[in-house]
2 protein chains.
Amino acid sequence: MTTPAYQQIKNYVLAAIHAGEWREGDLVPSENELVKRFHVARMTVNRAIRELAAEGVLTRSQGAGTFVAATKYQSTLIEIKSIADEIRARGHVHSAEVLKLQAVKADAALAAEMGVATGGRLFHSLILHHENGVPIQLEDRWVNPALASDYLSQDFTVSTPNEYLTRVAPLSRVEYRIEASRPDRTARAKLAMIRDEPCLVLHRRTFSASQVASMAKLYHPAGRYQFSGYF
Amino acid sequence: MTTPAYQQIKNYVLAAIHAGEWREGDLVPSENELVKRFHVARMTVNRAIRELAAEGVLTRSQGAGTFVAATKYQSTLIEIKSIADEIRARGHVHSAEVLKLQAVKADAALAAEMGVATGGRLFHSLILHHENGVPIQLEDRWVNPALASDYLSQDFTVSTPNEYLTRVAPLSRVEYRIEASRPDRTARAKLAMIRDEPCLVLHRRTFSASQVASMAKLYHPAGRYQFSGYF
DNA sequence: CCGACATATTTGTATAGACAAGCAAGTGAA
DNA sequence: TTCACTTGCTTGTCTATACAAATATGTCGG
């Protein structure tokens with residue numbers, strides 16, 4: 001099986017950049033130059049270079065030429081999947097325990113964060129997630145009833161609030177915050193945390209159609225859970 | 001200014017999906033069908049559909065057809081920028097204090113993580129980063145001398161190890177892990193942490209040309225630092 | 001020296017055609 | 001019925017050409 005010509009050109013360019021032969025900001029050979037070098041049609045070169053530009057490897061400027069793109073802003077991208085998916089991906093068993101699932105009146109602070117009136121109705125759930133029977137995440141969540149009216153009648157031992165909410169209220173914006181904190185008494189007890197063990201907390205606020213759909217605090221015992229990955 | 005034909009086709013497809021007209025898994029009209037509908041050449045349709053497939057909107061199968069892709073994996077992407085950039089972006093003053101900068105012999109555990117021989121030479125630096133004079137990050141870093149031979153002669157009060165390393169050893173792979181932990185005595189003292197305050201730690205291991213280039217542990221006081229963002 | 005203009009280069013888009021390769025459904029034989 | 005084969009549709013790749021649009025450069029006149 002032969003690799004397509006456009007892919008060979010992409011590989012050639014990537015190799016030259018990776019080897020340091022062409023550095024950031026350098027002018028890359030023009031399409032016509034590569035046409036001569038590889039003995040292919042210009043459209044083939046165009047596809048290769050255009051795809052590399054779309055992938056962020058190169059930048060192009062009509063009339064000027066193609067350049068090696070500035071190395072991606074020195075940053076680490078971290079992907080956080082839903083806890084149930086993550087546990088299943090590890091081949092382990094996910095189970096959930098619904099500790100609370102009720103309507104509450106919003107106090108001032110909560111109302112402000114959720115974008116509702118003080119004293120307004122909110123749904124509140126507290127769910128403990130287990131991995132192979134071991135508690136791994138305590139999910140403390142408030143939901144805007146306007147966007148998920150039948151939240152209270154869901155069975156969250158079967159599908160997670162996350163899955164339900166993304167189905168009924170497609171999210172348009174997400175705010176998140178990761179912090180380390182000391183757990184409150186409930187969290188420490190439910191998560192069976194040892195003395196003085198800190199907590200890794202993910203705050204997540206999701207918007208649907210420019211309203212706050214849901215706000216969640218996800219507590220994890222430091223010893224049993226980290227966010228990790230690679231790229 | 002007219003929008004290109006291929007872009008119009010992309011918009012048409014995206015609109016149909018967004019409107020719920022075509023749902024997840026549905027068969028999308030074939031290229032020849034779209035050629036008739038838009039009165040363009042097949043290559044033009046091909047480009048539009050191929051780009052949407054590359055973007056993850058559609059999936060294609062030679063011989064079978066083109067389908068609406070499964071909805072994006074429910075996940076949160078978190079971007080972590082370098083501490084100096086982040087502080088400067090807030091309009092604050094970043095300053096660094098070099099606490100250690102020396103060559104050390106690798107013990108077994110360190111050697112394994114860095115991919116060198118036990119007892120081999122490694123560079124070690126310990127740098128305290130301040131935001132407006134307040135300690136905000138303790139950077140504990142090991143560096144492979146083979147990839148950054150003049151690491152010890154750098155002035156890290158001027159540019160960060162991060163900046164130096166990405167310049168001399170273009171990174172090919174990154175592994176990361178975020179965890180909450182209790183700080184050791186040095187970290188607690190240097191970061192001026194209050195009693196029992198937990199630590200938010202980012203572990204980061206970078207590879208260059210399939211060798212480990214550097215490994216860092218970045219300690220942050222929980223009360224003064226969180227990873228946050230939105231999308 | 002400097003600005004206006006012409007010119008060459010480069011990328012951006014589009015066409016019409018061609019052949020290959022993979023899949024699915026229909027067809028026919030055992 | 002079941003299996004093998006054919007046929008048609010679909011995507012995957014590539015070509016050669018064409019014109020448009022943006023940029024850079026050189027030239028010439030003032």
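Values in this document were obtained by computation on a predicted structure and should not be read as measured data. First the proteins, then the strands, lettered A, B, ... as listed; each starts at 1.
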Closest to the [X] side chain, choosing from [options]:
X: Pro4(A); options: dT13(D), dG22(C), dT23(D); value: dT13(D)
X: Ala41(B); options: dA16(C), dA21(C), dT23(D); value: dA16(C)
X: Thr44(A); options: dC14(D), dA24(D), dT11(D); value: dC14(D)
X: Gln62(A); options: dT10(D), dA20(D), dT13(C); value: dA20(D)
X: Ala5(B); options: dT23(D), dT13(D), dA14(C); value: dA14(C)
X: Arg42(A); options: dT13(C), dT11(D), dG17(C); value: dT13(C)
X: Tyr6(B); options: dT23(D), dA14(C), dG17(C); value: dA14(C)

Tell me whether the rings of Tyr164(B) and Tyr151(B) are parallel (<30°), tilted (30 to 60°) or perpendicular (>60°). tilted

Between Ala64(A) and Met43(A), whichever has its closest DNA chain C nucleotide further toward 5' is Ala64(A)

Whole angstrom is fine here: how far is it from [atom1] in [X] over to [atom2] in [N]?
X: Asn46(B); N: dT13(C); atom1: CG; atom2: P; value: 15 Å
X: Ile9(B); N: dT13(C); atom1: CD1; atom2: C1'; value: 12 Å
X: Leu58(A); N: dT11(C); atom1: CG; atom2: P; value: 11 Å
X: Leu27(A); N: dT9(C); atom1: CG; atom2: P; value: 14 Å
X: Glu31(A); N: dA21(D); atom1: CD; atom2: C1'; value: 14 Å
X: Arg50(B); N: dT11(D); atom1: CZ; atom2: P; value: 13 Å
X: Asn32(B); N: dG8(D); atom1: CG; atom2: P; value: 15 Å
X: Leu34(B); N: dT10(D); atom1: CG; atom2: P; value: 11 Å

By nearest-nucleotide position on DNA chain D, the 5'-leaning member of Thr66(B) and Ser61(A) is Thr66(B)

message = Does Arg60(B) contact dG22(C) through a side-chain donor or acceptor facing the base, at a distance under 3.5 Å?
response = no

Can you tell me whether the side chain of Arg47(B) and the base of dG12(C) have a donor-acceptor pair closer than 3.5 Å? no

Check: So, Asn11(B) and Tyr6(B): side-chain donor and acceptor under 3.5 Å apart, yes or no?
Finding: no

### Task
Indicate yes or no: at least one non-hydrogen side-chain atom of Leu58(A) is less than 4.5 angstrom from one of Val28(A).
yes

dist His124(A):NE2 -> Asp140(A):CG (nearest 0.5 Å) comes out at 4.0 Å

Any salt bridge between Glu139(B) and Arg204(B), counting N to O under 4.0 Å? no

